[in-house]
Amino acid sequence: MSEHPLLERLNEHQRAAVAADNSAGAGSGKTRVLVHRIAWLMQQRQVSPYSILAVTFTNKAAAEMRGRIEQLMGSSVRAMWIGTFHGLAHRLLRAHYMDVGLPQNFQILDSDDQQRLIKRLIRSMNLDEKRWPAKQAQWYINGKKDEGLRPLHIDTYDPTERTLKSIYEAYQDSCDRAGLVDFAELLLRAHELLRDNRIVREHYQKRFQHILVDEFQDTNDIQYAWIRLLAGQHNQVCIVGDDDQSIYGWRGARVENIQKFLDDFPGAQTIRLEQNYRSTGNILNAANQVIANNSDRLGKDLWTDGGDGEAIDIYAAFNEQDEARYIVGRIEAWRDQGNALQDCAILYRSNAQSRVLEEALLHARLPYRIYGGLRFFERQEIKDALAYLRLLASRDDDAALERVINTPTRGIGNRTLELIRQAARERQLPLWQSAQQLVNEQVLSGRARNAVSQFIELIEQLASHTLEFSLGRQCDEVIKQSGLLAMYEAEKGEKAETRVDNLKELVTACDNFRLDDSEEDLSPLNAFLAHAALEAGDEQADEYQDAVQLMTLHSAKGLEFPLVFMAGVEEGLFPSQQSMDEPGRLEEERRLCYVGMTRAMQQLVITYAEQRRIYGQDFFHKVSRFIGEMPPACLNEVRIQSKVQQPGMSRFHSGASHEAFVQTGYQLGQRVRHPKFGEGTVLNYEGSGPQSRIQINFDMAGSKWLVVAYARLEPC
DNA sequence: ATCTATTTTCTTTTT
DNA sequence: GAAAATAGAT
């Protein structure tokens with residue numbers, strides 16, 4: 001087989017993996033193996049694309065995989081099922097909606113919708129909202145679903161859990177009545193379908209002779225069970241994964257599934273991919289050293305036959321603005337050397353960190369593209385518009401109705417709404433039908449009755465009136481007739497303007513929307529709504545502009561960039577405060593660090609801030625332990641010089657820092673030694689001359705304000 | 001019922 | 001520091 005042209009550009013281990021079964025290593029070409037295996041199956045073994053199922057975790061990965069296969073094969077492979085677990089589950093449920101007891105037009109609930117719904121239920125159950133936060137209940141419900149458990153499977157005497165269970169029950173009832181399916185439910189219901197329906201199961205088992213799974217370390221219980229069911233006794237399953245890149249434990253992923261797979265599929269061969277084709281020796285060494293601090297690893301050491309490359313730069317900023325300025329300065333230098341902006345990425349632990357970075361990039365007029373965070377379809381005004389569209393698709397969608405029945409305000413206040421909810425509960429009906437009945441029965445006061453009936457009329461009007469419209473015109477009509485557009489137009493401020501723009505952009509998005517081959521069973525509206533929920537609009541405009549890439553460490557997995565910045569590498573932020581007490585979670589943070597570092601191909605720059613503002617409060621974090629775990633020989637500490645600097649001499653040198661030097665004789669970020677407090681970093685100053693005071697963050701003693709004249713400081 | 005001003009809580013990470 | 005929850009005024 002090695003003479004086959006498809007295998008030529010793979011190394012010996014990759015080659016073996018293509019033709020055999022499964023497994024590992026960052027930058028070792030896992031996805032490449034998967035793609036080549038699929039092509040090899042088709043070309044060499046005459047396997048029909050019809051019998052192949054390929055599963056990924058993100059839409060991006062799925063799209064990339066399909067693209068690469070088609071490129072390799074030179075033709076489209078529409079018959080093949082490639083997609084995310086959630087996308088494929090959705091497809092299964094659509095095809096068998098009757099078997100799983102769903103209405104044909106069932107809608108998908110995103111986690112924001114889910115949380116609102118749960119919150120409402122907790123209120124209606126007369127539970128104390130302080131004691132039973134919606135977020136916690138949501139976490140509980142999703143956790144149980146990820147384990148494959150329905151309320152009836154939960155048997156507990158723990159009073160806390162009993163209450164949570166009752167919320168779960170009420171929530172599930174509510175979803176079922178309204179034809180709503182959340183993310184976890186997609187997987188759980190698809191699994192129950194395969195498990196309980198022999199005919200359906202055997203059909204798919206017969207069909208999918210070859211199953212391939214990317215990033216297997218991220219599978220949870222239900223996803224694993226899914227694969228097992230589909231695999232049956234005879235089908236070939238090929239998985240790739242890296243236990244060191246397991247970073248989704250918090251949402252139920254189980255690394256153990258890799259080991260379990262080897263036990264459950266006795267014929268499976270393991271092939272280790274340890275040669276790294278991405279990063280330089282320095283980066284790889286440092287990453288290996290960091291990850292070596294974890295216990296319970298399957299164990300591997302990546303190596304490269306490329307050179308050591310540049311050392312990893314470490315920059316200690318005095319605050320988050322300085323950190324952002326430094327990064328921007330480096331990016332400008334990178335661009336000036338003739339490099340593309342899209343080849344560099346700024347990675348951070350939490351989305352909140354992006355703002356300061358964005359401001360600095362904006363200020364420097366550097367175009368950037370931000371992944372994740374508030375996505376297009378998650379914006380308030382877009383969700384409002386989508387809720388109207390959802391009502392057109394399914395009147396029973398309670399979540400959508402709750403959202404827009406009084407948006408814009410049309411005189412249906414809390415009191416009226418409560419009556420509708422109560423009637424719905426008593427009669428076990430969706431809100432829409434309950435509202436209709438109340439209007440007919442004349443139980444509402446004249447004013448309220450009028451308002452509700454007008455709302456019902458509005459939706460019915462929109463539905464019948466736009467029946468023949470294209471999706472774009474339908475959307476346009478909805479935002480106009482509903483008064484949503486007018487409402488946002490009436491608001492003042494920059495924010496309201498962008499909301500109006502976004503609504504118009506939604507119309508454009510509808511116009512440009514094309515049905516996928518696999519979605520022929522759906523109406524354009526339903527397909528669009530599913531896209532909005534499942535794909536959250538990752539690909540926004542400006543895709544072709546050369547721009548700096550900003551994203552969280554989580555969303556960087558699977559990607560690579562010549563130049564990578566990891567920002568905010570501080571104790572309490574990364575590793576995050578919540579993970580520090582629990583060893584298991586700390587190890588997950590360390591894997592996240594490993595993932596981040598191994599994204600870099602040529603140069604890695606790690607930054608941290610001595611002082612950082614987090615929701616209004618100043619924090620003085622220490623350097624992250626992860627930096628301490630890297631071998632010093634691979635590192636290069638960039639520091640502001642403690643001697644006088646010509647203004648503008650260094651492009652990384654901030655104006656504020658120079659100003660501080662003029663006033664006090666010390667620069668921000670400068671390291672100093674105090675006879676009593678030891679070493680520290682200058683953070684801030686006030687006043688001028690000998691009476692001026694400076695703020696120093698001492699490594700041991702914490703942050704203090706000292707008068708320059710009296711503090712016996714010396715540079716160090 | 002709605003608008004406005006004031007208080008409170010919140011942040012990991014994503015399909 | 002912002003979004004959301006709460007309270008007070010119309």
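No hydrogens, no waters, no symmetry mates; every other heavy atom, side chains included, goes into these values. Lettering follows sequence order; numbering is per chain, from 1. Values in this document were obtained by computation on a predicted structure and should not be read as measured data.
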task: Decide, yes or no, whether a salt bridge links A/Arg390 with A/Asp113 under the criterion of side-chain N to carboxylate O below 4.0 Å.
output: yes

Under-4.0 Å side-chain N/O to phosphate OP1/OP2 contact, [X] with [N]:
X: A/Thr58; N: B/dT14; result: no
X: A/Lys135; N: B/dT9; result: no
X: A/Ser555; N: B/dT13; result: no

From [options], pick the nucleotide closest to the side chain of [X]?
X: A/Arg415; options: B/dT13, B/dA1, B/dT15; value: B/dA1
X: A/Asn351; options: B/dT15, B/dT13, B/dT11; value: B/dT13
X: A/Ser111; options: C/dT6, B/dT13, B/dT15; value: B/dT15
X: A/Trp250; options: B/dA1, B/dT13, B/dT2; value: B/dT13
X: A/Asn406; options: C/dA2, B/dT2, B/dT15; value: B/dT2
X: A/Asn59; options: B/dA1, B/dT15, C/dT6; value: B/dT15
X: A/Ser350; options: B/dT15, B/dA1, B/dT13; value: B/dT13

Applying a 4.0 Å non-hydrogen cut-off, can you work out what [X] is touching in the nucleic acid: base, sugar-phosphate, or nothing?
X: A/Arg410; result: sugar-phosphate
X: A/Arg447; result: nothing
X: A/Thr84; result: sugar-phosphate
X: A/Phe574; result: nothing
X: A/Asp110; result: nothing
X: A/Lys119; result: sugar-phosphate
X: A/Arg355; result: sugar-phosphate

message: Whether the A/Gln549 and A/Tyr371 side chains hold a donor-acceptor pair (N or O, under 3.5 Å, no angle test) is what I'd like checked.
response: yes

- request: For A/Tyr248 and B/dT14, say yes or no: do the ring centres fall under 5.5 Å of each other while the ring planes differ by less than 30°?
  value: no

query: Starting at the 5' end of DNA chain B and moving along, which residue's nearest nucleotide shows up first, A/Ser579 or A/Leu417?
result: A/Leu417

query: Between A/Leu592 and A/Ala448, which has a closest nucleotide on DNA chain B that is more 5'?
result: A/Ala448

message: For the CD atom of A/Glu64 and the CD1 atom of A/Ile82, what is their distance to the nearest 0.5 Å?
response: 11.5 Å

message: Strictly by Watson-Crick or wobble contacts shorter than 3.5 Å, is anything paired with B/dT13, and which nucleotide is it?
response: none

task: Report the relative orientation of the aromatic rings in A/His531 and A/Phe513; use parallel for angles under 30°, tilted for 30 to 60°, perpendicular for over 60°.
output: perpendicular

task: Classify the ring geometry between A/His621 and A/Phe619 as parallel (under 30°), tilted (30 to 60°) or perpendicular (over 60°).
output: parallel

message: Distance check, C1' atoms only: B/dT13 and C/dA4, in whole angstrom units.
response: 22 Å

field: B/dT11 and C/dT6, which share atom name P, separated by this distance in whole Å
entry: 16 Å

field: Whole angstrom value for the distance that separates P of B/dT13 from OH of A/Tyr371
entry: 18 Å

message: Expressed as a whole number of angstroms, how long is the span from A/Ile141:CD1 to B/dT15:P?
response: 21 Å

- request: Any chance you could lay out the ring pair (Phe, Tyr, Trp, His ring centres under 6.0 Å) test for A/Phe106 and A/His90, step after step, and finish with the verdict?
  value: CA-CA 10 Å; A/Phe106 71 91; A/His90 184 230; 5.6 Å; yes

